[in-house]
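Inspection log for the structure reproduced underneath, given as structure tokens.
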Amino acid sequence: MAVPGLQKSIDRLLALAATTHARGLLGRYLGCAKKAAKTQNAVLRAILTANADSDFGRGHGFAGIRRYDQFAHQVPIQTYDDLRPLVNRTLHGDFGALLGAGQRVVMFAKTSGSTDVPKYVPVTEEFIRQYRRGWNAFGGKALGDHPEAILRSILQTSSPIDDEVSPCGLPCGSISGMLAAAQKGIVRRFYAVPTECARIADAPARYYTIMRFAVPRDVSWMVTAGPATQLALAKCAAEHAQALIKDIGDGTLTPPGEISQPLRRRLAEQLLPDRENARRLGAIADSEGTLLPRQYWRLSFVANWTAGAMGLHLREFPHFFGDAPVRDIGLLATEGRVTVGLDDGVPYGLLDAGGAFFEFVEPDASASGTAGARRCHELDIGGEYRVIMTTWAGFYRYDLGDHVRVHGFVGEAPLLEFLHRGAYVSSVTGEKLTEWQVIRAFEAASAALAVPPRRFALAPVWAERPFYRLYLESREPLREVMADAVDAGLARINIEYNGKRTSGRLGAIRTIALQPGAFAAFDAERAGRHRMANEQYKPQCLFTKPGDDATLMAAMAPPQGAEPKPEPAPA
């Protein structure tokens, strides 16, 4: 075992080598962007060649495709429902349904679908390589911009890779867990938190345990997908400051929730008493009256999603994280990476031109057409588009459903900002609720409570803990029970919603009683605004942005039917 001084020298040499390697990767990444059209042609040829002998490849003539226009003509744009039968065959071990003989599946990434059935994405070795390549470009640029963060701790969180096991015996879960486990040793040395923390099911216990490991460390930057997670961690440490300080001093672990005994023992074995840090933290808590990351860490930057509704969380960041800049990690989906964030304080990233093949269609384009798609170098600055991907996961001309806006170009690659997912999707904490899911949950709740079908709407509300309002033209006491039933239904249908609710990042649904006729007036006004005949108007059941429901709020019934006093919005 190396002595501390020698280990530091070894770490410096390894960090220098890793930084040099990352800079080289970043250079190649930017080189791909500058010649994006050529890069994209090469990526498309490589994917088609590797998968030409798959059932999908043979059925669509991959072997004979030489140009993009042939590809666009022979392969229609696909939705997940189009691919579901082939994905199901893959889940049962028939990998040749979507993938060529040389493509090895190592797991299935799992995410919420637009219905109540989760989506499963075959994760191949090449898919992982490309995903990791994007992270390396992100890290190389971030550490190049913030060199003071090198050789200091990183707070990153991940989720388990094995929520379930597929019929063919492969794990199904989060790709973040796979990437964390496969990370290079030099990087893992600086992880502030053991990857086993992802296996703690109880959210308060998980947050506390993460901060029990991280607070005493010299954390230079933290990275999670959703900013709500970072706020939840900071708030957990502040709420349990005295218990946390005692645990740090004693070398113990006493979280406010449940952890299985075997896992608790494995985690506790990694902890030692640290009385010096406990005294330092105690002094901060005594003098400041609280315990916040900006007081006990020297953060160089914070990384997460900042685009779309996620940016609302950033209002609270200065209170907890001080003036640490925030860097968008890029548009990442379970199906693949779209962009990499390369600068602080902007909500857009650079298209990952070497990681997958991309096309773009108008926001309202048909979900399964072939005409009108554009290549990445053909987009208009300021234009809004929907992303179509061809990936190493066996998804070809796949309609990701994500809407983006073009902010500019680096060479031939666009700088893209994520706007929202799908036509009516709400995601204030990462829950990604679709209108279909909301309608399904309301119908199930109505059936279970024997309530006749009725018009309703669900709207997100931004507050210290975001929540949803359920609008009903009803004063009956049953409406409160209806809110609980819809809440439970959404948790069953959408795994992301369930995670945000059980972790406390998203509050319970609250009901609003509307005056009789409020929905009819609202629908008539909207139909007229869009200059559509009434028979063409589709009532909106899910609002996607906080504040979009202001018209309905104005039609609220008298005070006895109003909602409880709302939580205060962040300053």
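Tyr396 pairs with exactly one of Phe71, Phe357, Phe56 by the ring pair (Phe, Tyr, Trp, His ring centres under 6.0 Å) rule, that one being Phe56. The side-chain hydrogen bond (donor to acceptor under 3.5 Å, both in side chains) test with Asn41 singles out one residue from Arg67, Arg375, Lys35, and that residue is Arg375. Evaluated for a side chain to side chain contact (heavy atoms under 4.5 Å, CB included) with Phe409, the options Leu379, Leu415, Leu350, Leu351 yield exactly one hit, Leu379. Checking Ile161, Thr90, Val121 one by one against Phe108, the side chain to side chain contact (heavy atoms under 4.5 Å, CB included) holds for a single residue, Thr90.
In this structure, CZ on Phe418 lies 11.5 Å from CG on Leu332, to the nearest 0.5 angstrom. Atom CG of residue Leu86 and atom CG of residue Leu99 lie 10.0 Å apart, to the nearest 0.5 angstrom. For the atom pair Gln103 CD and Phe95 CZ, the distance stands at 12.0 Å (nearest 0.5 Å).
Residues Val43 and Gly354 approach most closely at CG2-O, 3.7 Å, considering heavy atoms. Contact between Leu98 and Val87 at its shortest, heavy atoms only, is CD1-CG2, 3.9 Å. Of all heavy-atom pairs between Asn88 and His92, the closest is O-ND1, 2.9 Å.
Neither side chain, Gln78 nor Asp399, offers a donor N or O lying under 3.5 Å from an acceptor on the other. Side-chain polar atoms of Thr429 and Glu431 form a donor-acceptor pair below 3.5 angstrom. A donor-acceptor contact under 3.5 angstrom links the side chains of His407 and Glu417, judged on distance only. With 3.5 Å as the limit, one finds no donor-acceptor pair spanning the side chains of Thr124 and Arg104. Counted by atom type alone, Asp487 and Tyr497 present one or more donor-acceptor pairs between their side chains at under 3.5 Å. A side-chain N or O of Tyr385 and one of Arg374 form a donor-acceptor pair less than 3.5 Å apart. In this model, no donor atom of one side chain and acceptor atom of the other lie less than 3.5 Å apart for Ser54 and Asn51.
The ring-ring contact (aromatic ring centres under 6.0 Å, His included) search around Tyr131 returns Phe127, not counting sequence neighbours.
Between Glu496 and Lys500 there is a salt bridge, since at least one side-chain N of the basic residue sits less than 4.0 Å from a carboxylate O of the acidic one. Under 4.0 Å is where a charged nitrogen must lie from a carboxylate oxygen, and between Lys119 and Glu335 at least one such pair does.
Judged purely by atom type and a 3.5 angstrom limit, Thr339 uses its side chain to pair as donor or acceptor with the backbone of Leu331. For the pair Glu362 (side chain) and Gly372 (backbone), a donor-acceptor distance under 3.5 Å is absent.
Aromatic ring centres of Phe456 and Tyr471: separated by at least 6.0 Å. If you look at His313 and Trp462, their ring centroids are closer than 6.0 Å.
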Thr79 vs Tyr398, side chain to side chain donor-acceptor pair (under 3.5 Å): CA-CA, chis, key distance, verdict: CA-CA 6 Å; Thr79 66; Tyr398 174 72; over 6 Å; no
